[in-house]
Amino acid sequence: MLKKNDLVTVEISDLTTEGEGIGKAGAFPLFIKDTMPGDRVRAVVTKLKKNYGYGKALEILAPSADRIPMRCPIARRCGGCQIQEMDYQAQLQFKTRKVQNNLQRIGGLSVPVLPCVGMEEPWHYRNKAQVPFGRNKAGDLVCGFYAGRSHDIIESEDCLLTPPEFGNILRIVKQWMRNFGIEPYDERDGSGLIRHVLLRKGFHTGEILVCLVANGESVPHTADLSAALCAEIAGFKALSLNINQTRGNTILGPETRQITGPGAILDLLSGVRFRISPQSFYQVNPVQTEVLYNLTLEYADLTGNETVWDLYCGIGTISLFLARKAKKVYGVEIIPQAIEDARENARLNGFMNTEFFVGKAEEVLPEWYEAHPEEQIDVITVDPPRKGCDEKCLETIGRMQPLRVVYVSCDSATLARDLRILTEQYGYCVEKVQPVDQFSQTVEVETVCRLSKRAKKL
Ligand code: SAH
């Protein structure tokens with residue numbers, strides 16, 4: 001019988017969807033973080049349940065062929081990159097398998113899954129960072145990320161997932177704080193001023209926005225900070241101030257003011273222009289977003305005559321990609337500010353064939369359909385949050401019977417559940433399943449699926 005604190009040697013044979021290695025100690029399955037299939041490890045048993053347990057790897061006795069050196073010295077403490085020690089091709093295979101397994105196990109679907117589309121450069125792909133500022137135990141000014149399950153800040157300026165300029169900007173902000181005696185926020189007593197620094201970069205335009213999140217209505221000496229950023233950061237366009245005087249964990253407060261520049265930056269995705277302010281929702285990996293949404297466009301198979309609904313449309317990224325090739329695109333999204341951005345982005349690009357609605361997809365779509373039963377909808381795209389589509393939304397799609405449904409998903413488990421409903425209850429068949437890697441070094445995977453109306457049996 002295995003006991004807690006026992007030392008065991010384990011061959012890792014599989015990986016959970018969360019990226020933990022699985023192996024057996026005797027016949028007993030153990031989950032061991034920071035290991036991968038092919039590793040033989042010496043581990044200590046940390047927790048036992050009835051049919052499985054957890055271990056902590058103490059030593060890699062023989063490494064997996066997929067194991068590569070960790071590039072970031074603090075990856076383990078940060079926890080953001082769960083599979084950074086895995087060769088990139090192996091990461092992609094893991095993601096393809098993850099989608100395939102979920103479709104089979106949860107969706108009951110044995111459709112082929114295309115190999116996950118990888119990134120050309122699986123580092124420095126994020127266009128956004130929100131970095132907390134504070135003091136460490138020694139009293140030094142630090143910025144970085146919160147250590148797991150605590151609010152101690154671990155110093156980290158140069159994250160391997162964000163643009164290299166971000167590290168330089170953080171150093172400039174810190175130096176400016178030291179020069180002018182500007183205190184970081186202290187959440188224990190609510191004192192101090194600078195809570196977070198939010199950074200965004202338009203990858204196509206090179207424009208950079210810096211937003212100070214402050215525990216106050218104003219911040220002194222910002223002209224000096226602007227001057228330093230202008231002098232040293234190519235592409236620096238805007239410095240803004242977000243006011244957050246609440247005591248909680250929410251990063252941004254409701255009000256943002258311009259300090260220097262236009263208060264927003266511009267970016268392009270496949271030639272469509274987007275205006276990005278500190279608070280706008282915008283896809284964080286722009287290069288792979290183009291890949292994902294161009295596939296969505298391809299799967300929608302538009303000729304210019306189609307009417308399309310884009311459900312869960314956010315700031316209208318998919319809607320605007322489709323609007324170039326469709327007669328009419330309707331979008332629905334629950335967050336009013338995102339719909340304002342969607343309308344503004346449609347104007348910015350001169351699209352006259354889009355119409356956006358604020359509300360829940362599962363309410364707006366059935367209401368619209370009831371009011372317009374005659375209007376033929378050719379294609380519906382959905383890009384829901386992790387919890388997937390609401391049943392009522394799927395049921396309405398089932399009644400509307402578009403020729404094609406293109407499902408973009410950030411969680412292959414809920415995707416599988418929803419595909420099962422669309423295929424078993426509403427007469428669709430899954431034609432293509434294409435995973436796309438938006439977040440290398442992590443276990444996340446996006447998937448785009450094309451469904452078509454099944455030909456009626458004779
Ligand atoms: N394609 C979009 C992003 C989609 S992310 C873009 O590129 O901008 C999923 C979106 O669904 C989020 O914007 C979220 O606010 C929205 N959402 C969540 N629940 C919803 C619901 N019930 N009805 C409509 N939109 C919802």
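Both ligands and their constituent atoms are indexed starting at 1 by order of listing. Keep in mind that what you see is a predicted model, and the values were worked out from it rather than measured.
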Between H196 and the options I251, N242, L252, N244, the side-chain contact (heavy atoms from CB on, under 4.5 Å) test singles out I251

Would you tabulate the side-chain donor-acceptor contacts of residues 69-77 under 3.5 Å, counting partners in other chains and residues two or more places apart, or write 'none'?
| unit_1 | atom_1 | unit_2 | atom_2 | d |
| --- | --- | --- | --- | --- |
| R76 | NE | D34 | OD2 | 3.2 |
| R76 | NH2 | E85 | OE1 | 2.9 |
| R76 | NH2 | E85 | OE2 | 3.0 |

for atom 12 (C) of ligand 1, nearest protein heavy atom and its distance come out as E333 OE1, 3.4 Å

Taking atom CZ of R188 as the centre, does the number of heavy atoms from other residues, nucleotides or ligands within less than 6.0 Å exceed 12? no

- prompt: Are N127 and Y282 linked by a side-chain donor-acceptor pair shorter than 3.5 Å?
  reply: no

If we number the atoms of ligand 1 from 1 as shown, the ones under 4.0 Å from a heavy atom of I335 are 15 (O)

Closest heavy-atom approach to atom 19 (N) of ligand 1 among P385, A338, C410 is made by P385

The atoms of ligand 1 lying under 4.0 Å from a heavy atom of T317, numbered in the order shown, are 6 (C), 7 (O), 8 (O)

Heavy-atom proximity to atom 24 (C) of ligand 1 ranks first, among C389, C313, A361, for A361

- Query: Are the side chain of E157 and the backbone of C143 linked by a donor-acceptor contact shorter than 3.5 Å?
  - Reply: no

Across all chains, not counting sequence neighbours, the salt bridge (Lys or Arg N to Asp or Glu O under 4.0 Å) partners of D158 are R171

Of all protein heavy atoms, the one nearest atom 9 (C) of ligand 1 is D383 O, 3.2 Å

One finds that the ligand 1 atoms under 4.0 Å from a non-hydrogen atom of F281 are 3 (C), 6 (C), 8 (O)

If you scan protein heavy atoms around atom 22 (N) of ligand 1, the nearest is E362 OE1, 3.1 Å

* Asked: Taking atom types as modelled and ignoring hydrogens, do the side chains of Q434 and Y299 form a donor-acceptor contact shorter than 3.5 angstrom?
  -> no

Under 4.0 Å from one or more heavy atoms of G359, ligand 1 contributes atoms 23 (N), 24 (C)

Heavy-atom proximity to atom 8 (O) of ligand 1, picking from I315, I318, L269, I334, points to I315

Inset, instruction - Inspect the surroundings of CD in E391 and state if more than 12 heavy atoms from other residues, nucleotides or ligands are less than 6.0 Å away. - result: no

Next on the checklist: Between K328 and E375 (salt bridge meaning N to carboxylate O under 4.0 Å), is one present in this structure?
Outcome noted: no

For A300, is there any backbone N or O sitting under 3.5 Å from a side-chain donor or acceptor partner on R404?
yes

### Task
Give a yes/no on ligand 1: does D390 have at least one heavy atom closer than 4.0 angstrom to it?
no

For ligand 1, which is the ligand I care about here, please tell me if K387 has any N or O atom under 3.5 Å from one of the ligand's N or O atoms.
no

- For K360, is at least one N or O under 3.5 Å away from an N or O on ligand 1? no

Determine whether any heavy atom of Y293 lies closer than 4.0 Å to an atom of ligand 1.
yes

If you scan protein heavy atoms around atom 21 (C) of ligand 1, the nearest is Y312 CE2, 3.6 Å

